[in-house]
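To start, the structure under review is shown below, and the notes come after it.
FYI, side chains are in, hydrogens and waters are out, and symmetry mates aren't considered; it's all heavy atoms of this structure.
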Amino acid sequence: MFLDHPTLTATNSITEPDRIERLTRVYGYVVALADLSGHQSFIEKVSQLHDHKGTLIVFWHDAPSDDEKELFSKGWASKMGDGTTNVEHEV
């Protein structure tokens with residue numbers, strides 16, 4: 001079992017708590033996609049997810065591959081997420 005999950009933060013999370021709930025759903029969805037596609041070390045690379053006014057910002061401990069970045073684009077664009085491809089990555 002992995003216990004060092006990323007921190008989830010959002011702009012206006014006090015007045016819009018659904019943003020944190022959305023990040024939780026997207027994180028679970030993306031981790032499932034990573035497992036299915038064979039990216040076992042993926043989960044250890046992510047340090048924080050932040051929802052900034054509808055843009056997902058993913059903070060990484062280590063530089064992600066293009067495939068790993070794409071997992072977050074798929075998750076954020078899904079019905080679990082914002083429905084857009086507004087995703088940025090920071091190492």
Side-chain angles (χ1 to χ4, degrees):
M1 175 169 32
F2 184 74
L3 298 175
D4 194 18
H5 297 286
T7 304
L8 305 177
T9 59
T11 303
N12 302 324
S13 62
I14 300 298
T15 57
E16 300 175 57
D18 57 306
R19 290 182 179 276
I20 299 295
E21 182 180 331
R22 178 170 60 186
L23 287 173
T24 301
R25 288 191 316 259
V26 167
Y27 176 64
Y29 185 85
V30 169
V31 169
L33 289 175
D35 283 348
L36 288 171
S37 62
H39 292 89
Q40 283 78 22
S41 64
F42 166 84
I43 195 170
E44 298 165 6
K45 289 180 157 185
V46 182
S47 67
Q48 180 183 354
L49 300 179
H50 179 75
D51 178 351
H52 180 69
K53 300 177 182 178
T55 297
L56 175 63
I57 305 172
V58 183
F59 294 88
W60 299 84
H61 292 296
D62 299 314
S65 68
D66 288 340
D67 288 344
E68 291 168 332
K69 289 179 181 181
E70 180 63 23
L71 293 172
F72 276 106
S73 293
K74 286 180 181 177
W76 198 241
S78 76
K79 292 188 183 227
M80 296 293 109
D82 190 59
T84 69
T85 56
N86 298 333
V87 181
E88 298 176 8
H89 299 274
E90 299 287 334
V91 180

Checklist entry - So Thr85 and Trp76, side chain to side chain contact (heavy atoms under 4.5 Å, CB included) or not? Walk me through it. => result CA-CA 6 Å; Thr85 56; Trp76 198 241; over 6 Å; no
Checklist entry - Please walk me through it: do Tyr27 and Met80 pass side chain to side chain contact (heavy atoms under 4.5 Å, CB included)? => result CA-CA 9 Å; Tyr27 176 64; Met80 296 293 109; over 6 Å; no
Item to check | Chi angles and distances behind the side chain to side chain contact (heavy atoms under 4.5 Å, CB included) call for His50, Leu23 | outcome: CA-CA 8 Å; His50 179 75; Leu23 287 173; 5.8 Å; no
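Atom CG of Asn12 and atom NE2 of His52 lie 9.0 Å apart (nearest 0.5 Å). Here the straight-line distance linking atom CG of Asp51 with atom CD1 of Ile20 works out to 7.5 Å at 0.5 Å rounding. To the nearest 0.5 angstrom, Arg25 atom CZ is 12.5 Å from Lys79 atom NZ. Remark: Thr11 OG1 to Arg19 CZ distance equals 7.0 Å, nearest 0.5 Å. Within the model, atoms NE2 of His5 and OG1 of Thr24 stand 11.0 Å from one another, a figure rounded to the nearest 0.5 Å. For the atom pair CD of Glu70 and OG of Ser37, the computed distance is 10.5 Å after rounding to the nearest 0.5 Å.
Asp67 and Ser65 form no side-chain donor-acceptor contact under 3.5 Å, judged by distance and modelled atom types alone.
Across all their heavy atoms, Gly75 and Val26 have their closest contact at O-CG2, 3.9 Å.
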Only distances under 3.5 Å count here; give the side-chain donor-acceptor pairs of residues 54-61 to other protein atoms, sequence neighbours excluded, each with its distance to 0.1 Å.
unit_1, atom_1, unit_2, atom_2, d
Trp60, NE1, His89, ND1, 3.0

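In this structure the side chain of Pro64 reaches within 4.5 angstrom of the side chain of Val91, judged on heavy atoms.
Ring geometry for Phe42 against His39 counts as perpendicular: the plane angle is over 60°, on a 0 to 90° scale with 30° as the lower cut.
Using a distance-only test at 3.5 Å, with no hydrogens or angles considered, no donor-acceptor pair links the side chain of Ser13 to the main chain of Thr9. At least one donor-acceptor pair under 3.5 Å links the side chain of Lys45 to the backbone N or O of Ala63.
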